[in-house]
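Notes follow once the structure below has been shown.
In what follows, every chain begins at residue 1, and chains take the letters A, B, ... in the order their sequences are listed. Please read these numbers as outputs of a predicted model, since none were measured by experiment.
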Amino acid sequence: MSILRAVKGMNDVLPEDIPRWRRIEGLFWDTVARYGYGEVRTPVVEPTPLFVRSIGEATDIVEKEMYTFVDKGNDTLTLRPEGTASAVRAYLEHSVGGREPVTKWAYLGPMFRRERPARGRYRQFWQAGAEVFGDPGPYTDAEMIDMIVSMMRRLGVADVEVLVNSLGSGDTRARYLEALVRYLEPHEASLSEDSRRRLRTNPLRVLDSKAADDRAIAAAAPRILDYLGDEDRAHFDGLCATLEALGTPYRVEPTLVRGLDYYSRTLFEVVGHGGELGAQNTLCGGGRYDGLVEALGGAATPGLGFAIGLERLLLVMGAGETAPALDVFVVYRPGLEREASTLLKALRDGGLRADADLRGGSLKSQFRRADKSGARLGLVIGPDEVERAAVTVKDLRGGEQETLPRDGLVPRLAERLARETA
RNA sequence: GUGGCCGUAGCUCAGGGGUAGAGCACUGGAUUGUGGCUCCGGGAGUCGCGGGUUCAAAUCCCGUCGGUCACCCCA
């Protein structure tokens, strides 16, 4: 394993790409703040059993994708493969439910899954997500979906589709699973190997199969929406009606299942259609997990959450414009390094983003660097300027320049830059 | 995890047994203290890595690592 190569499926983000990331992050935080969420930060490692018990023993994530290791104290730990389990753990550990009836948390950070990497799918990938504890919905469910869609719109991601489904709860699920297995069993011989296995371990997932034969069988399978009990039905209808009231386009997708065991009732996915996405076109996934908090040892508390894959969003979001990193670039004649340094300090202390090439070199080469830096203004210091206690200020877009007194220069420039950007 | 395709300069790529190339990028210059356009010059590559075949391998063979596509799955 080369030490000069990032671990497979894990990536560096270099400064030139950071503005796009910042745009997403900034918009995410701005959006969730508008909806009343507070930020939560949890560790990237948790005790392995937390994930096994929340995500589910028979899921792909737990079965084959976790980065699990034994630390020096002999504890078995896992790099978090998703954010909900940690959020629930923190919610319980700090007894948050006892202090407030409804809790709205948002988070942004790296997640880890050992899968075969591909475009839009990495072993360390970034998710921005949110959780709501204590609100049974369905209005919050609709609000959350609407929040995600409007955020994507603001990012310039237009071509998206919202898929929703309900997995019901308790009785509904039991009755449906029975009907589903009864339907699938006669077709068992025609199912793919994976689906045959899932028929035993997690029959719902058979609906999720992309294999052509499986799809045909799944298409004719009984639909969970036809099995919803009265309360589940009312919940789902309430979700749909609220989405319509909010003007959020959506499509009911009865075979939408998703790979985590903890979901109940509302389930949704936002898929993109940009050619950049390839087969990994799920931009966001989420749903309701009303049983999870209790299953992990807390009081019965409804839960709802989603996560957006940032790398995928990056593939489909609009280019946007990026502001140059510098306001001014100082250019000086050899021998005037001290003057250049003190001018730079004054500019920076005055709140301007200023730089220079302190290696010196010809004015020509310094100006070339000034140009490449994207700075708005070039400041020139030569013997003439020093003698007159002045600085020559050149507009690097137009080219016109004037010599201004050094005294009062910094606030003057700050004002000029502020005026021109406004 | 299975199968296909691809790895040559920082980037995009040509070269498919006989001395490693182009464009862009980087860098120096085109007379005195001025960038962008143009012109001239310069630096830069263990041809992903390891093994094999051969007088000779970037080129052929095997393995391996990485990327990518499909499957699988998901964000």
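A22(B) is paired with U12(B) under the criterion used here, namely a Watson-Crick or G-U wobble arrangement in which both key atom distances are under 3.5 Å. In this entry G43(B) has no Watson-Crick or G-U wobble partner, no candidate having both defining distances under 3.5 Å.
Taking side-chain N and O atoms only, K8(A) has a distance below 4.0 Å to OP1 or OP2 of G66(B). Put simply, K364(A) has no side-chain N or O that comes within less than 4.0 Å of OP1 or OP2 on U34(B).
Within 4.0 Å (heavy atoms only), G129(A) reaches no atom of the nucleic acid at all. As judged by a 4.0 angstrom heavy-atom cut-off over every strand, V380(A) is placed among the base-contacting residues. When heavy atoms are screened at a 4.0 angstrom cut-off, E269(A) is found touching no nucleic acid atom at all. Residue contacts for G9(A): at a heavy-atom cut-off of 4.0 Å it reaches the sugar-phosphate backbone alone, with no base atom in range. G378(A) comes within contact range of no nucleotide atom at all, as no heavy-atom separation falls under 4.0 Å. In this structure, Q401(A) reaches the bases: a heavy-atom distance under 4.0 Å links it to at least one base atom across the strands shown. Here R205(A) lies in heavy-atom contact (under 4.0 Å) with sugar-phosphate atoms only.
On a pure distance criterion of 3.5 Å, no polar donor-acceptor pair joins the side chain of Q366(A) and the base of U34(B). With hydrogens and angles ignored, a donor-acceptor pair closer than 3.5 Å exists between the side chain of R312(A) and the base of C74(B).
Looking only at distances, no side-chain donor or acceptor of Y332(A) sits under 3.5 Å from a matching main-chain atom of L379(A). The closest donor-acceptor contact from the side chain of E244(A) to the backbone of T242(A) lies at 3.5 Å or more, if one exists at all.
Here, G16(B) and U32(B) have their P atoms 48 Å apart, quoted to the whole Å.
A search for salt bridge (Lys or Arg N to Asp or Glu O under 4.0 Å) contacts involving E143(A) returns K104(A), not counting sequence neighbours.
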